[in-house]
Number of protein chains: 2
Amino acid sequence: MDERREPTMRDVAALARVSVKTVSRVVNGLPGAGPEVAERVRAAARSLGYRPNLTASSLRRSDKRSATIGVLFEDLSNPFDSALLRAVEDRARQNGVLVLAGSSEDEPHLQRELLESLATRRVDGMVVMAVGGHQDALQQERERGTPMVLVDRPPTFGGTDSVTTTNRDSSREAVLHLAELGHRHIAFLGDRQTLWTSQERYTGYLEGLAHAGLKLREDLVRTDLKGPDAAERATAELLARDPRPTALFTAQNLVTVGAMRVLRARDLHQRVALIGFDDFPLADMLQPAVTVVRQDVPALGRKAAELVFARIEGDTSPPVHAVVPATLVRRGSGEIRP
Amino acid sequence: MDERREPTMRDVAALARVSVKTVSRVVNGLPGAGPEVAERVRAAARSLGYRPNLTASSLRRSDKRSATIGVLFEDLSNPFDSALLRAVEDRARQNGVLVLAGSSEDEPHLQRELLESLATRRVDGMVVMAVGGHQDALQQERERGTPMVLVDRPPTFGGTDSVTTTNRDSSREAVLHLAELGHRHIAFLGDRQTLWTSQERYTGYLEGLAHAGLKLREDLVRTDLKGPDAAERATAELLARDPRPTALFTAQNLVTVGAMRVLRARDLHQRVALIGFDDFPLADMLQPAVTVVRQDVPALGRKAAELVFARIEGDTSPPVHAVVPATLVRRGSGEIRP
DNA sequence: ATGAAAGCGCTAACAT
DNA sequence: ATGTTAGCGCTTTCAT
């Protein structure tokens, strides 16, 4: 385990009795090296345990590529985020690209710091889940020319690609589904309104009510619920309203969890309908199984990665705003009648 | 969004009418720059939008640090892995270090490739969840002097730190818990036996039986279950045995999920006891709530990160094999009597 | 307190 | 087919 110096191209060149440039050619598989010499170089490299230094290479090379992209999500331990990361990673691997990952915690200052850390390391591009209401740092980075794709939430500034889900349409569909079952009092529980997704889902909820000819009851709307605890308190309050809501539309996965806890605690889970936005593991194992709007996370991640790579390759076509369809997965909780 | 060249220290130096070295001093907050000059430099840097190039800096600097570590887990979308990643990330952030993350998929060739990708990028150290039975590539990397810590599974070679859980003891505790309730026929369902964790948990199961004076029924042992589907089939088979097991010990989270599905499908979930290794979201929301052995994932990740950083700093003390205690969380499914 | 020169490990742009 | 020279953006070393 001793710390001997990493061998360099010079070491290999010396051992193979050729110039560094020849080693460079062989290592990179470029033409211009005779088969004999090439073999001698490879042998020398092997015997020294030589490994190319991408840092040095990318510094000198004209395209300056680091074969690394940055991924900046809200919380890498959230199932949605980690599934997305994995999808990006898989696509990146096809290009021989590695992923520098970070969690912004929805904190503007963390987003800014991480952005700077990534820039400092000269990543080739970034896939970012923007902090709600704080895209100025992203815009600045973008204006410097850094290839960037926003996921889950679109840019509030121009000239940048994004990949999002059918938040509004799918939310409307969910609410209409409840209305069709006869629900007249459908509550909305949503995450922070600074998040575009939350706004869209709320709008979809409103559209659903309107299409169904239902009157909006503002006392059945609770937003800015950050985390399951806030969702629990809100659910408890909603259930105290008169008339009591017969169905809940929970617009984010942690909110869904909080609402479920309360329904269960009050033994209302078989009586009050529930549709959640975002699928989650074991949703099908609960009783009743939970009806959800499922995003196509692998598709979101893949598309985002493909867009950054296209931009990295120099694609200058107009910005793309890809929208990946989500699906209503009927499992039971959303099929409870009033 | 135009692609102007990133400003360099030279540009800043020229604008501030000082030498590059002075800019370097100011940028890195080193002494040896008068307050006036320093301010001039900062102003120039700001007006040009200068950002240091860590790639170039780390190439030249004597310690060669990239302020980046590699994290190589089995599957970044697995809740256990992603929670671990997050813990490592949080600890790394305290050191101003970023994380290059990859999934090995438990594939030796992927592990090898990713290892090489990380080495090529000259990460300062690595936190690795070793592919079962294939640690040769890790050993080679380690022998080159790369600071490395194994998590979840210990090294099969010497001179390397590791952080693991009380797999064996906690498994024994789980089995004893079932035995104390009166269970005599306790089945074991485990993941791939190439994984050290699986072996340990199986050994703990055996110890539990032995301590309780129960006879091992080999027909109640199923190993090498990769993923929920394999677990489902195995569970179905086990439930056909005579006498039927009255309790299941499922030694990995996906295995637990598979077993639960079958118990539920046969309406046995209230009659057959179940304890799973690894906690998972919503385990408390199922009926019955699922009794699990919970690992302290944040502690695992933090400890692993701290160990790599110590090694990066040059700590040459003997290898550490930290063991983080897991806890039996009694929720109901493990308290069902035979 | 400041700077000039050299060089990290590699590749670009020319030689030969 | 191979080598030479320069230089990427920065830090080291040694001047001044």
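Below, each value reflects all heavy atoms present in this structure, side chains not excepted, and no hydrogens, waters or symmetry copies.
- In this structure, CG of Leu59(B) is placed 9 Å from C1' of dC8(D), rounded to the nearest angstrom.
- Of the inter-residue distances, the one linking Tyr50(B) atom OH with Arg42(B) atom CZ reads 14.0 Å to the nearest 0.5 angstrom.
- Between Asp90(B) and Arg302(B) no salt bridge is recorded (no basic side-chain N to carboxylate O distance below 4.0 Å).
- Per the geometry, CZ belonging to Arg40(B) stands 8 Å off P belonging to dT2(C), to the nearest Å.
- Regarding Met9(B), its CE atom lies at a distance of 17 Å from the C1' atom of dA5(C), rounded to whole Å.
- Distances from the side chain of Ala56(B) to the nucleotides dT12(D), dT2(C), dG9(D) place dG9(D) closest.
- Toward the 5' end of DNA chain C, the nearer of the two residues Ser19(B) and Ser57(A), judged by each one's closest nucleotide, is Ser19(B).
- In terms of phosphate contacts, Asn28(A) brings a side-chain nitrogen or oxygen within less than 4.0 Å of OP1 or OP2 of dT11(C).
- Contacts of Ser58(A) with the nucleic acid, taken as non-hydrogen atoms under 4.0 Å apart, are absent.
- Thr55(B) and Arg122(A) share no side-chain donor-acceptor pair at under 3.5 Å.
- Mapping Arg61(B) and Arg61(A) onto DNA chain C via the closest heavy atom, the residue that lands nearer the 5' end is Arg61(B).
- Here dT13(D) presents its C1' atom at 14 Å from CG of Leu30(B), a figure rounded to the nearest Å.
- Going from atom CZ of Arg10(A) over to atom C1' of dT11(C) covers 16 Å, rounded to whole Å.
- Rounding to whole angstrom units, CZ of residue Arg5(B) and P of dC8(D) are separated by 9 Å.
- A salt bridge does not link Glu141(A) with Arg112(A): every distance from a Lys NZ or Arg NE/NH1/NH2 to an Asp or Glu carboxylate oxygen is 4.0 Å or more.
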**Message:** Under the criterion side-chain hydrogen bond (donor to acceptor under 3.5 Å, both in side chains), I'd like the reasoning laid out for Ser103(B) against Glu89(A): C-alpha separation, chi angles, the key distance, then a yes or no.
**Reply:** CA-CA 8 Å; Ser103(B) 303; Glu89(A) 183 206 341; 2.8 Å; yes
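- Counting any heavy atom pair closer than 4.0 Å across all strands shown, Pro31(A) reaches no nucleic acid atom.
- Between the CG atom of Leu54(A) and the C1' atom of dT11(C) there is a distance of 13 Å, rounded to whole Å.
- The Thr8(B) side chain lies nearest to dC10(D) when the options are dC10(D), dT12(D), dG9(C).
- With rounding to whole Å, Lys21(B) atom NZ is found 6 Å from dT12(D) atom P.
- Looking at the side chain of Tyr50(A), the nearest of the listed nucleotides dC10(C), dC8(D), dT12(D) is dC10(C).
- The phosphate of dC10(D) has neither OP1 nor OP2 within less than 4.0 Å of any side-chain N or O from Ser24(B).
- Val20(B) comes within contact range of no nucleotide atom at all, as no heavy-atom separation falls under 4.0 Å.
- Arg121(B) places a side-chain N or O within 3.5 Å of a backbone atom of Ser117(B) that can act as its donor or acceptor partner.
- Gly32(B) comes within 4.0 angstrom of a nucleotide base, judged by non-hydrogen atoms across all strands.
- Between the side chain of Arg25(A) and the base of dG3(D) there is at least one donor-acceptor pair of N/O atoms closer than 3.5 Å.
- The base of dG9(D) does not come close enough to the side chain of Arg60(B) for any donor and acceptor atom to sit less than 3.5 Å apart.
- Phosphate contact (OP1/OP2 of dT2(C), side-chain N/O of Thr22(B), threshold under 4.0 Å): absent.
- Listed nucleotides: dT2(D), dT11(C), dT11(D). Nearest to the side chain of Val37(A): dT2(D).
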